[in-house]
2 protein chains.
Amino acid sequence: MPVRLSISDLERETGISRDTLRIWERRYGFPEPLRNQRSERNYSVEQLERLRLIKQLLGSGMRPGKLARLDLQQLCQITQQQRETDTVPRDVEELLQILVTGPRYGLLARLEALLQQQGLRDFLIGVLAPMTHAVGEAWFAGRIGVLDEHHYTEQVRMVLLAALRSLPQTPGNSRALLTTLPGEQHGLGLLMATCMLALEGVEILLLGVQTPLEEIVRGAIEGECRIVGISCSEYINRRTVAAQLVRLRSMLPNTVSLWAGGRGTNSLPKMPVGIKLFRHLGEIPEAVQQK
Amino acid sequence: MPVRLSISDLERETGISRDTLRIWERRYGFPEPLRNQRSERNYSVEQLERLRLIKQLLGSGMRPGKLARLDLQQLCQITQQQRETDTVPRDVEELLQILVTGPRYGLLARLEALLQQQGLRDFLIGVLAPMTHAVGEAWFAGRIGVLDEHHYTEQVRMVLLAALRSLPQTPGNSRALLTTLPGEQHGLGLLMATCMLALEGVEILLLGVQTPLEEIVRGAIEGECRIVGISCSEYINRRTVAAQLVRLRSMLPNTVSLWAGGRGTNSLPKMPVGIKLFRHLGEIPEAVQQK
DNA sequence: AATTATTTTTGTCTAGGACAAATTATGCCC
DNA sequence: GGGCATAATTTGTCCTAGACAAAAATAATT
């Protein structure tokens, strides 16, 4: 019995809203689903795959009108062309291998070994950042499951929180509040940014994911933070991110700097002054020095 | 300038779909938004608050048709009735005080002191479990904000993950996979249960929150886990929890035990055999011994 | 080559209808 | 009064099809 997916399933799996799915069908003829007795849309797994690829390519600036007309093969081809451009470090290659083939308990050990060997800073920039991106991609492409992604996330969290605790806290320095925007569930980028800031001696108020804007403002004021840091993954709508950042900026006092980073901030529309975007973890130390 | 929210904002903030929001408006007259020039819905923060309360009460079996007709005051009243007046330990009292009045950085220190003093087991049962519940309630009652709750969560996470790592891992023992059901975002109960199991020498495969059922099954089989542990907070619909647990049971091999705990499992409808419910963290060691 | 204006593309919002699944109310028998 | 089948109501999700502004691409102008 072939698996069939409802429009909600597709929305959840691809992150493309049902409104958008319906209008793509109307305009481009894809994805054109079967209908059940109730004349509700009924998608195939192949259509899901195609949409996943399309979603990914959308992120790098291609237009849906073009992409919807391509078949699976053509989409794979373009995707591979894109992938060839970014080289995956050897360490990442190896970690991905462990993640896929197991043993499950080997991952933590390997992560810690790499951390010991390279030091926190290089570990973050050279291993975790590319690895986290690779894991996200592999999940999206269906090469690994949610299970593997969750496992990776937990192991990294364990390693980073341990590292964070072992860093000396030097009160008196400037303070930073760190969180993600409402709707953003991914917390690894946040944790990485937190470590980078902590390495620079910044005192951290870490809030986890999805803090309402009003509460971010309250936290920054009450905690006398000079920096508010927002982490944005690539899996969230750019426009939403932009709008929320602008709104947050307008709510924060001028004495507080607003910093945003992560792949979700890469191809962001023009940002007003007062919002500093980071394209790379490596830019953080410099920014802290300048303050 | 008063803050106004679009229907997408409301969907994101409350977790109630736009379709549902629109049809509630049509049927019950709430939430009735203003309109902008484009005749798009425009909600107030007060309406958001009301919807948040409604969403919570829906979880404990009340009907939207009734709730939508109540105003903010009445909703608060019902909420308070739901809450039983249980005695709060002195340590919890003190921690709550720190959480409310600050200093923010005092919380971690106090938590660690209590852990040192009482040992992990008593700390979990006597401090963290009641404290976590108290924090949830305080948030619900509006006595503390999301900010404070997030801060508490992160500090506890830090303490517990550190404690977890320092426990001796004894391979060869039975293994347990731990996670929450899709839709359940609260991970502290999960972490506490994890610690309890680790204290008994059980090898842990910790997956974080919201793992799809199929992936839980895959993880249990691939990882050769004899126990699958599910943590359910009180803030999720009981019926959904029950249905998902039953489905998960039917998907798991008979050799795997299914354990579920947390306040969300307390007043659960009749459960079939093969699902063990835990009303208290303290029951975990015993259950492990019996296996 | 750099701006500016125009056209096309795209996503989100709207309205109101339909229908099955879940829940509650009703009638009936023991 | 309690248990149980049946009818009525409640509720969420899906449907179509149209509208429109913001973003992006293209053309025209300086």
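All chains are named by letter (A, B, ...) in the order of the sequence lines, taking the proteins before the strands, and each is independently numbered beginning at 1.
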Taking OP1 and OP2 of C/dA15, is either one under 4.0 Å from a side-chain nitrogen or oxygen of B/Arg41?
-> yes

Grab the CG-P distance between A/Asp19 and D/dA21 for me, whole Å please.
-> 18 Å

Should the pair B/Arg218-A/Asp148 be classified as a salt bridge under the 4.0 Å nitrogen-to-oxygen rule?
-> yes

Taking only N and O in the side chain of B/Tyr28, is any of them less than 4.0 Å away from OP1 or OP2 of D/dT11?
-> yes

On DNA chain D, more 5' by nearest nucleotide between A/Arg18 and B/Arg38 is A/Arg18

Protein-nucleotide distance (B/Ile7, atom CD1; C/dT12, atom P), rounded to Å | 13 Å

Would you say a side-chain N or O of B/Ser39 is under 4.0 Å from OP1 or OP2 of C/dC13?
-> no

Can A/Glu214 and A/Arg247 be counted as an ion pair, charged N to O under 4.0 angstrom?
-> yes

Does B/Ser17 put a side-chain nitrogen or oxygen below 4.0 Å from OP1 or OP2 of D/dT13?
-> yes

Distance check: side-chain N/O of B/Ser8 vs OP1/OP2 of C/dT12, anything under 4.0 Å?
-> no

Counting just side-chain N and O atoms, does A/Thr20 come under 4.0 Å of either OP1 or OP2 of C/dT12?
-> yes

Neighbour count >12 (heavy atoms, 6.0 Å) for atom CD, B/Glu46 | no

Give B/Arg22 one of three labels, base, sugar-phosphate or nothing, depending on what nucleic acid heavy atoms sit under 4.0 Å from its own.
-> base

Is it true that A/Glu25 and A/Arg35 make a salt bridge, defined as a side-chain N closer than 4.0 Å to a carboxylate O?
-> yes

In whole angstroms, how far is the P atom of C/dT9 from the CG atom of A/Leu67?
-> 14 Å

Would you say A/Arg63 reaches C/dT10's phosphate, i.e. side-chain N/O to OP1/OP2 under 4.0 Å?
-> yes

